[in-house]
Amino acid sequence: MPRLDLPAPWLQSSPPYSLEKMTDLVAVWDVALSDGVHKIEFEHGTTSGKRVVYVDGKEEIRKEWMFKLVGKETFCVGAAKMKATINIDAVSGFAYEYTLEINGKSLKKYMENRSKTTNTWVLHLDGEDFRVVLEKDTMDVWCNGKKMETAVS
């Protein structure tokens with residue numbers, strides 16, 4: 001005969017646990033622009049077609065249900081509102097390739113071109129880090145993500 005003073009197994013409480021955020025994170029890119037380095041994260045639900053784009057932790061695009069699993073998502077990045085596009089291509093079966101374009105160029109090509117048109121310095125002064133960027137084509141100077149006023153002497 002079962003003991004009546006013990007709860008049935010389905011009534012017993014389980015040990016405490018925490019639910020972590022469940023994601024379909026498939027790609028992360030760090031993109032260095034004049035106003036700083038921006039982190040782009042992309043979630044792709046390969047069964048639902050869900051697409052979520054985060055820029056610096058802020059959700060920019062969310063599409064919950066898509067019948068087409070391949071395609072593109074376009075959004076803006078940084079203070080200059082650079083056009084960014086994530087391309088989603090099927091590779092084989094249920095495998096996908098994710099590539100990032102900035103201003104119509106592959107991330108690699110964009111960064112190669114950027115290294116020719118900008119100079120970047122990181123200075124450590126009085127316990128603080130300063131990121132200074134000179135845009136050679138416009139002569140604009142950025143410091144820690146803010147465009148600085150400059151004067152020619």
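Computed from a prediction, not measured in an experiment: that's the story for all the values here.
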Would you indicate whether the side-chain heavy atoms of [Y] and [X] approach each other to under 4.5 Å?
X      : Y      : answer
Val70  : Asp89  : no
Phe42  : Ile61  : no
Glu135 : Trp142 : yes
His38  : Trp29  : no
Val31  : Leu100 : yes

Given side-chain contact (heavy atoms from CB on, under 4.5 Å), test Glu43 with Tyr54 step by step and report yes or no.
-> CA-CA 9 Å; Glu43 290 182 19; Tyr54 299 94; 3.3 Å; yes

Spacing of [X] atom [atom1] and [Y] atom [atom2] [to the nearest 0.5 Å]:
X      : Y      : atom1 : atom2 : result
Asn87  : Thr99  : CG    : OG1   : 4.0 Å
Lys147 : Thr138 : NZ    : OG1   : 6.5 Å
Lys105 : Arg114 : NZ    : CZ    : 11.5 Å
Asp140 : Asp35  : CG    : CG    : 12.0 Å
Asn103 : Lys109 : CG    : NZ    : 15.0 Å
Leu123 : Asp129 : CG    : CG    : 9.0 Å

Check: His44 side chain, Leu69 main-chain N or O, donor-acceptor pair, under 3.5 Å =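 Answer holds: yes.
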
Any donor and acceptor pair, going by atom type alone, linking the side chain of Arg131 with main-chain N or O of Val37 inside 3.5 Å?
-> no

Same cluster for Ile88 and Val28 if Ile/Leu/Val/Met/Phe/Trp/Tyr side chains link at under 4.5 Å?
->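 Each belongs to a different hydrophobic cluster.
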
Is it possible for you to say whether Val122 and Phe130 belong to one hydrophobic cluster, with membership spreading through side-chain heavy-atom contacts below 4.5 Å?
-> no

Between Gly45 and Asp24, which heavy-atom pair has the shortest distance, and what is it?
->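 Heavy-atom minimum between the residues: CA-OD2, 3.6 Å.
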
Distance-minimising heavy-atom pair for Cys143 and Val132 | SG-CG2, 4.3 Å

Angle class for the Tyr98/Tyr96 ring planes (parallel below 30°, perpendicular above 60°, tilted otherwise)?
->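 Plane angle between 30° and 60°, so tilted.
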
Do Glu41 and Leu25 pass the side-chain contact (heavy atoms from CB on, under 4.5 Å) test, and can you show the C-alpha distance, the side-chain angles, and the key distance before you say yes or no?
-> CA-CA 7 Å; Glu41 299 169 291; Leu25 189 66; 3.8 Å; yes

Ser34 and side chain to side chain contact (heavy atoms under 4.5 Å, CB included): which partner among Val133, Val141, Leu134, Thr120?
->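 One option only clears the test, and that one is Val133.
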
Answer yes or no: is there an ion pair linking Glu73 with Lys63, defined by an N-O contact shorter than 4.0 Å?
->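 So Glu73 pairs with Lys63 through a salt bridge.
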
Lys58 atom NZ, neighbour heavy-atom count above 12 within 6.0 Å =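 Counting other residues, nucleotides and ligands, NZ of Lys58 stays at 12 neighbours or fewer.
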
